[in-house]
Amino acid sequence: MIRVNPRTLALMAERGIELLGQVSKGLDDLPSDRPWDRIITMGCGDACPSLPAVQREDWSLPDPAGLSDGGFRRVRDEIEKRVRELLARC
């Protein structure tokens, strides 16, 4: 498990999302013995590792790690928008 980047903590806290104490989990930490309802990948297309899923979508988004704070915020806000749209469809 990997600690969440401190910059991520700060920029998510701007939106009231507290991630302190959270850790990043890898695919090996997820069960793969059953299909997931939905898997969303972000910009890796066919290169993404595969887990069984009933539905999958690829959101072609840049990795915010190398972006300026403004670029990071744009990606963060786009993810929020897409998650809200996804929830409205479900």
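Source: prediction; values computed, not measured.
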* Over all heavy atoms of both residues, which pair between L51 and S32 is shortest? Give the atoms and the distance, please. => CD2-CB, 3.7 Å
* To do: List the atom of M42, the atom of I79, and the distance in Å for their closest heavy-atom pair.
  => SD-CD1, 3.8 Å
Residue pair [X] / [Y], side-chain heavy-atom distance below 4.5 Å:
| X | Y | value |
| --- | --- | --- |
| E57 | L86 | yes |
| T41 | W59 | no |
| L9 | L20 | yes |
| R82 | L61 | yes |

* Flag if over 12 foreign heavy atoms under 6.0 Å of CZ, R34 -> yes
* Has R38 got its NZ or CZ under 6.0 Å from the middle of the six-membered ring of W36, at an angle within 45 degrees of the ring axis? -> no
* Path from I17 to V83 over hydrophobic side-chain contacts below 4.5 Å -> no
* Under 4.5 Å between side-chain heavy atoms, hopping through other hydrophobics if needed: is there a path connecting V23 to L19? -> no
* Asked: Roughly how far, to the nearest 0.5 Å, is CG of D63 from CZ of F72?
  -> 9.0 Å
* Calculate, to the nearest 0.5 Å, the distance between atoms OG and CZ belonging to S68 and R74 respectively. => 5.5 Å
* Asked: Sequence neighbours excluded, which residues qualify as side-chain contact (heavy atoms from CB on, under 4.5 Å) partners of P52?
  -> P35
* **Summary of salt bridge (Lys or Arg N to Asp or Glu O under 4.0 Å) pairs that have at least one residue in residues 4-15, sequence neighbours excluded** => R7-D69, E14-R73, E14-R76, R15-D77, R15-E80
* **Lys/Arg N to Asp/Glu carboxylate O, R89 vs E85, below 4.0 Å** => no
